[in-house]
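Letters A, B, ... are given to chains in the order of the sequence lines, protein chains preceding strands, and every chain is numbered from 1. When reading the values below, keep in mind they use all heavy atoms of this one structure, side chains included, and skip hydrogens, waters and symmetry mates.
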Number of protein chains: 2
Amino acid sequence: MQPTIRPAEQFDVRRGNLSVALRRLREAGPRSRARLAEETGLTKATVSVLVADLVQRGLLREVGPPENRGSGRPAVDYELHDRVYGIGAEVSVDYLSVTVLDLRGEVRARKRVGYDVPRAEREATLDALSQLVRETTSEVPGRPAGLTLAAPGNVNPGTGRVDYAPLIGWYDAPVAAPLADRLVDQLGDAALRVEVENDVKLAAIAEHALGAAAGTADLAYLSGEMGVGAGVIAAGRLVRGTRGHAGEIGHLPLNPAPAPCACGRTGCWETMVGLGALLSLAADPDDPVHDPQRDLEERLAVIVQRARAGDRRTLSTLEQVATGLGLGASVLINMMNPAVLVLGGYFAVLGDYLLDGVRREIADRVVAADADGCRVELSRLGFDAAALGGAYAALDRVFTDPTVVPI
Amino acid sequence: MQPTIRPAEQFDVRRGNLSVALRRLREAGPRSRARLAEETGLTKATVSVLVADLVQRGLLREVGPPENRGSGRPAVDYELHDRVYGIGAEVSVDYLSVTVLDLRGEVRARKRVGYDVPRAEREATLDALSQLVRETTSEVPGRPAGLTLAAPGNVNPGTGRVDYAPLIGWYDAPVAAPLADRLVDQLGDAALRVEVENDVKLAAIAEHALGAAAGTADLAYLSGEMGVGAGVIAAGRLVRGTRGHAGEIGHLPLNPAPAPCACGRTGCWETMVGLGALLSLAADPDDPVHDPQRDLEERLAVIVQRARAGDRRTLSTLEQVATGLGLGASVLINMMNPAVLVLGGYFAVLGDYLLDGVRREIADRVVAADADGCRVELSRLGFDAAALGGAYAALDRVFTDPTVVPI
DNA sequence: GCAGTTTGTTGACCCGTTGAACTATCTAGG
DNA sequence: CCTAGATAGTTCAACGGGTCAACAAACTGC
């Protein structure tokens, strides 16, 4: 139950304080060493040493020229360097995408390509993906701190494997190592660490770090796709479960109607609020919104348009989905007591039409009064949230332990 | 999201290594300094210093006389001292209880008294409780490291308050501070820290530390009482939620029949598997098992007896409850991916008759194959699990940071 | 150009771990 | 009985890292 039983040494102190300085600069923006000392509680002497170390590692740089502030010696401010970046990649049902995020939290490059090769051909997919990574990073000067691949399905980050991802046809598949092998040549950096994680969990990390729930230690994220997945961050840490499979919320047996689910069971929550449920409630089978050839965002735009035009069937469908969504959301809130619930995926796209109903249902269903103070927010990160979270996670290693970047 | 931004100092290294040594002795039992050095990776020199420090704090003692092992200088073994203990206290619907656990993990004293004073009289209850603490600890030589009070309902350990506990009539009630005030005189120890926590969460801690799930980093605990509560430990940490209210699982809307629940809603999971549901399914209203005057354990013993005798109604009730229990348990497993699910409270008492049904339903309902490897176990800690977990939690502070005990 | 103010550096000191040499205490075997 | 070998534990110089206080550097304002 305790963290690993490993002796502490002097160097851990240094490591920790490097991290303190770096994180302070991330949170509070560029500032002088004197100010950093005051704010972190470290002495000026120590901060000078730490900052020099971080500069040598390429994580910090002087922001010149020195600035006068009224009286006294002008301060030299330091800021996070933009030449170290994290890479987030995503394999999805019908596209591959890569996002590059620098230390300062700015997206430096973003690419997305349609990809329709049969997914069972994993080697080919990994080839295409590493190709896309190379293209995307070639535009960005600097060096990568790591890469996280987002995959839809059950992922075990501990083993670097995708355990079960029917959408892309990957079953018990080693992924982190093969991808790392491909990229070692391309990026030629021993520091590059490759990890795999579930897409919804990474989106939750993105919301936690950069999105609607920034600054909150306890949040839940719900993503509406064909299925529904959850990502939970509790006390600032992602809840993974023993095999990394936590968050399988789509098959909660909540539907009183025994609607058949893709999983073979009936009455799963997905049959109330999954994309399939929404579409079949909202439109007859021959309606173009069902056409799987058309882009999903376009099809959703049609729904939004109809709702805006006051179409009764669309509005009543959205009302119904909102109620179902609130029902499942209340389960999450009762069990995890998050400070914020973020709705992502297609829920965010249709959010304006869902939010009232969701909030109403949550208020009814959450046991503690006033929904236990849980805010409900829409994701504003778009469909690249998972890749963004992956890039952030890769960078986070650096913030936790700046010494992973060699001098 | 990162842990508190606090600079690290030399002393943190010492603190961490004291903790490493102490925890190793807890895990692996008495041993010599040389062996400790070998096993922890610390040098013999450091271990000698650390052990001397821990002895001075009263946390360790020599286990004499020195033992010869074949050849070489005989080793002096050290062991955890039994003169430092943690106190767990519990306020329940109809009793107060106190458990005293020493550093070595041995229960040194245990008291439980029926208590029927109207619970709204919080002052009187706290008086009675502190009286019971004094009585219980008076039998145990040594000094307390802390006390954790278990309460049924929503507890916010951060504020030391019980937010909502209808069973005992405490609403938005400050508890930790008033109890600490009472005990400062009685125990006369400035080191005594008093905290409050939800009873089911503390029982989960007990299972994690000393019970059926010992050694597992990810576990879920389900307690069957009048209601049903859950406690989840993820990656070795208790999931509390932003206000400490996590684990409200009793009101999952899982019951297809719209049975009325005490919370005012219908169809809550409690209406399928709560004690009330079990009893009303198992026996007519005039059956003595319904008599609230009789001791709960006795009434459950009657049920067990009938089941053992092959009573059809009892057996079919248990089958039905088992299925309902498995249904809700599968929600927990899908969402949290624990390595172990522990059933406590009345579920454990009737466990022999529930386990098969629960496991069957879980196998059906958990999305990942083979229930995702989640073991289902019965608690063996009995009804004092919460107090035991409280005592353990109080002690855990010492293991995490031995310097909280002054020299 | 000097007082006042703020930034940053320097060096003595303290704390804590390391590593190697050394001491202590046993058994086994001649 | 004595010595070699083995294992336990201590001592001490060295080193890394943070602190504190003094001081140097570089500005403004009068």
Write down the distance between [atom1] ([X]) and [atom2] ([N]), rounded to a whole number of angstrom.
{"X": "A:F11", "N": "C:dT17", "atom1": "CZ", "atom2": "C1'", "answer": "15 Å"}
{"X": "B:D12", "N": "D:dT19", "atom1": "CG", "atom2": "C1'", "answer": "14 Å"}
{"X": "B:L54", "N": "C:dG16", "atom1": "CG", "atom2": "P", "answer": "13 Å"}
{"X": "A:E9", "N": "C:dT18", "atom1": "CD", "atom2": "P", "answer": "7 Å"}
{"X": "A:L36", "N": "D:dG18", "atom1": "CG", "atom2": "P", "answer": "14 Å"}
{"X": "B:R6", "N": "D:dG18", "atom1": "CZ", "atom2": "P", "answer": "13 Å"}

Taking all atoms of both residues into account, what is the closest heavy-atom pair of B:E207 and B:A212, and its distance?
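Nearest heavy atoms, B:E207 then B:A212: OE1-N, 3.0 Å.
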N or O in side chain of [X] less than 4.0 angstrom from [N] OP1/OP2:
{"X": "B:T46", "N": "C:dT18", "value": "yes"}
{"X": "B:S32", "N": "D:dT7", "value": "no"}
{"X": "B:N17", "N": "C:dG16", "value": "no"}
{"X": "B:R35", "N": "D:dA8", "value": "no"}
{"X": "B:S48", "N": "D:dT10", "value": "yes"}
{"X": "A:R33", "N": "C:dG8", "value": "yes"}

I want to verify a distance call: between C:dG19, D:dC20, C:dT7, whose nearest atom is closest to the B:T43 side chain?
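Of C:dG19, D:dC20, C:dT7, C:dG19 is nearest to the side chain of B:T43.
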Return the nearest nucleotide to the side chain of A:A34; candidates are C:dT17, C:dG8, D:dG9.
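The answer is C:dG8.
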Determine, for [X] against [Y], whether the closest basic-nitrogen to carboxylate-oxygen distance falls under 4.0 angstrom.
{"X": "A:R243", "Y": "B:D218", "value": "no"}
{"X": "B:E38", "Y": "B:R35", "value": "no"}
{"X": "A:R397", "Y": "A:D401", "value": "no"}

Quick check: on DNA chain D, is the nucleotide nearest A:P74 upstream (toward 5') of the one nearest A:V49, or the reverse? Name the residue that is more 5'.
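First, find each residue's nearest nucleotide; the 5'-ward one identifies A:V49.
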Upstream residue (5' side of DNA chain C) when B:Q10 and A:S71 are each assigned their closest nucleotide
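First, find each residue's nearest nucleotide; the 5'-ward one identifies A:S71.
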More 5' along DNA chain C: A:Y78 or B:R73, using each one's nearest nucleotide?
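Residue closer to the 5' terminus by nearest nucleotide: A:Y78.
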A side-chain contact here means heavy atoms from C-beta on lying under 4.5 Å apart; do B:V49 and B:R14 qualify?
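Counting from C-beta outward, B:V49 and B:R14 do come under 4.5 Å.
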